[in-house]
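Remarks on the structure that follows.
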Amino acid sequence: MYTSTNYLLLLFILLLASCQEVPTSKFQESTPQEAGFDEQHLSQIDSLVSRYMADQRLPGGVFLVARHGKIAYHKSFGYHSLNFWEAYQKDDLFRIASMTKAVTTVAIMQLYEKGLLRLDDPLSDYLPAYASTGVLDSFNPQDSTFTTIPVERAITIRHLLTHTSGIVYGDFMTDPIRAIYEKLELHAVGLSHPNWTTEQFINTLAKAPLLFQPGSRYNYGLNMDVLGRVVEVASGQTLENYFNEHIFAPLNMKDTYFYLPKEKQQRLVPIYSQTDSGTIMLQTDPAVYTLDYPKHRNNRHFAGGGGLTSSAMDYARFLQALLNGGSLNGQRILGHKTIELMTSDQLAGLNQERKGYSTTPGKTMSLGFGLLTEEATGLDAHSPGTYYWSGYFSTQFFIDPKEDLLFVGMTQVRPFRHGDFYDRLTAIIYGAIED
């Protein structure tokens with residue numbers, strides 16, 4: 001039986017406990033053994049990275065491996081300059097480019113599970129500028145004028161998530177699409193823009209013709225940039241504010257931005273270029289200013305397909321939330337059934353027709369991610385169900401739900417002529433798994 005004194009003492013203890021500092025993260029660095037890895041085997045990542053750096057095939061970077069919610073490997077390599085003055089740090093910031101697409105996909109799926117949009121809704125329901133966008137029919141090379149034919153079915157949110165809308169990256173196409181994009185000043189877009197807001201950019205993009213009928217085939221394009229604007233319209237927030245409130249803040253992602261605060265700009269890693277003689281930093285290239293877009297003034301242009309800058313740890317927290325079924329440290333960003341939908345094969349039919357993401361059996365596209373299905377068993381060590389993507393400046397990630405495993409690789413080199421590096425690194429990771 002409690003006396004009044006005992007009751008007050010118990011109340012004091014409970015109050016004291018509630019005031020204790022609560023750890024901000026349970027997702028933290030551990031030992032390889034605790035995560036189920038052979039430490040000696042996993043350390044071969046060090047040798048691989050060092051070998052590629054010594055051969056001037058890689059400038060360095062930050063690489064992170066986590067399993068069972070434990071960070072087994074998290075190291076930095078290389079220097080910010082060729083003078084070897086400032087070594088890379090684990091909290092350095094990298095332009096993640098197309099790895100932004102995964103964040104935009106999660107934002108869309110959040111709106112989907114709140115009933116604010118449907119996957120097969122017409123795009124024009126949210127962006128009226130696309131009500132009149134047609135498919136390219138004829139082209140006049142003299143003045144880059146063109147005619148279109150009407151779409152047979154409207155572009156949908158699902159088409160955008162699977163890059164089957166007919167919207168492309170004009171810079172990577174041949175004429176006539178490339179010439180049309182250039183005339184509309186839609187070249188070198190997808191990362192940032194010095195003048196256009198997100199709304200102005202997407203309204204301009206809607207004036208460009210589609211390359212093909214929506215839903216008829218796959219072609220990688222500016223679809224996620226369009227979806228970024230859909231997020232703004234459906235949520236009533238800018239894409240920046242939406243990401244901050246609904247994804248970054250809940251996951252304690254304090255180093256992920258479209259435009260870096262001045263106090264963090266010194267942590268932005270330079271971009272290197274690869275030549276026949278080795279790896280050099282783009283110090284004299286006129287593209288340097290363009291590629292320093294994370295340091296530019298925020299003019300409310302938020303590229304949902306490629307505009308974010310992040311750290312390896314921040315992005316790993318985002319991936320860990322997905323791997324956990326949608327939550328991290330008690331903060332939920334998606335339901336686990338929504339993640340099941342998001343990571344399901346969406347292009348099986350088009351792949352069989354050789355019009356999809358890949359003609360390799362088992363390599364396909366989910367909603368916003370590349371996906372490996374059972375048919376891909378034997379291609380490499382990835383488990384069926386692994387989903388992944390990469391970024392223009394040679395960043396990569398994958399999530400393997402079966403092994404409860406994630407990987408983030410951050411470097412900044414373009415063009416990167418040694419894609420075998422990530423294949424070798426992945427083989428080391430899987431070879432180190434002990435349980």
| task | Examine the side chains of Ser165 and Asn223 and answer whether a donor and an acceptor come within less than 3.5 Å of each other. | result | yes
Just distance, no hydrogens or angles: give the donor-acceptor pairs under 3.5 Å from side chains in residues 126-138, sequence neighbours left out.
residue	atom	partner	partner atom	Å
Tyr126	OH	Asp121	OD2	2.5
Thr133	OG1	Ala206	O	2.8
Ser138	OG	Thr147	OG1	2.4

| task | Report the residue from Phe248, Phe407, Phe94, Phe397 that forms a ring-ring contact (aromatic ring centres under 6.0 Å, His included) with Tyr315. | result | Phe397
| request: Would you kindly say whether Glu240 and Tyr259 are connected by a side-chain donor-acceptor distance under 3.5 Å? | output: no
| field | Exercise: do His382 and Tyr430 side chains pair donor with acceptor under 3.5 Å | value | yes
| field | Results of side-chain hydrogen bond (donor to acceptor under 3.5 Å, both in side chains) for Lys75 - residues two or more places apart only | value | Asp46
| Counterpart residues, salt bridge (Lys or Arg N to Asp or Glu O under 4.0 Å), relative to Arg95 (two or more places apart) | Asp292
| field | Qualifying residues under salt bridge (Lys or Arg N to Asp or Glu O under 4.0 Å), relative to Glu199, sequence neighbours excluded | value | Arg229
| field | For Glu245, all residues meeting salt bridge (Lys or Arg N to Asp or Glu O under 4.0 Å), sequence neighbours excluded | value | none
| field | Set of side-chain hydrogen bond (donor to acceptor under 3.5 Å, both in side chains) partners for Ser98, sequence neighbours left out | value | Lys101, Tyr220
| message | Please enumerate all residues that pass salt bridge (Lys or Arg N to Asp or Glu O under 4.0 Å) together with Asp423, with sequence neighbours excluded. | response | none
| note | Nearest heavy-atom approach of Thr309 to Pro294 is OG1-CG, 3.3 Å
| query | Sequence neighbours excluded, which residues qualify as side-chain hydrogen bond (donor to acceptor under 3.5 Å, both in side chains) partners of Thr156? | reply | His159
| field | Which residues share a ring-ring contact (aromatic ring centres under 6.0 Å, His included) with Tyr73, sequence neighbours left out | value | none
| field | With sequence neighbours excluded, residues passing ring-ring contact (aromatic ring centres under 6.0 Å, His included) with Phe369 | value | Tyr387
| query | With sequence neighbours left out, which residue pairs that include part of residues 47-70 fulfil the ring-ring contact (aromatic ring centres under 6.0 Å, His included) condition? | reply | Tyr52-Phe421, Phe63-Phe421
| said: Between Asn195 and His301, is there a side-chain donor-acceptor contact under 3.5 Å, judged purely by atom types and distance? | reply: no
| field | Residue pairs, two or more places apart or on separate chains, that pass salt bridge (charged side-chain N to carboxylate O under 4.0 Å, His left out) and touch residues 399-409 | value | Arg67-Glu403
| request: Measure the CD-NE2 distance between Gln265 and His296 for me, rounded to the nearest 0.5 Å. | output: 9.5 Å
| message | When you compare the side chains of Asn241 and Thr238, does any donor N or O come within less than 3.5 Å of an acceptor on the partner? | response | yes
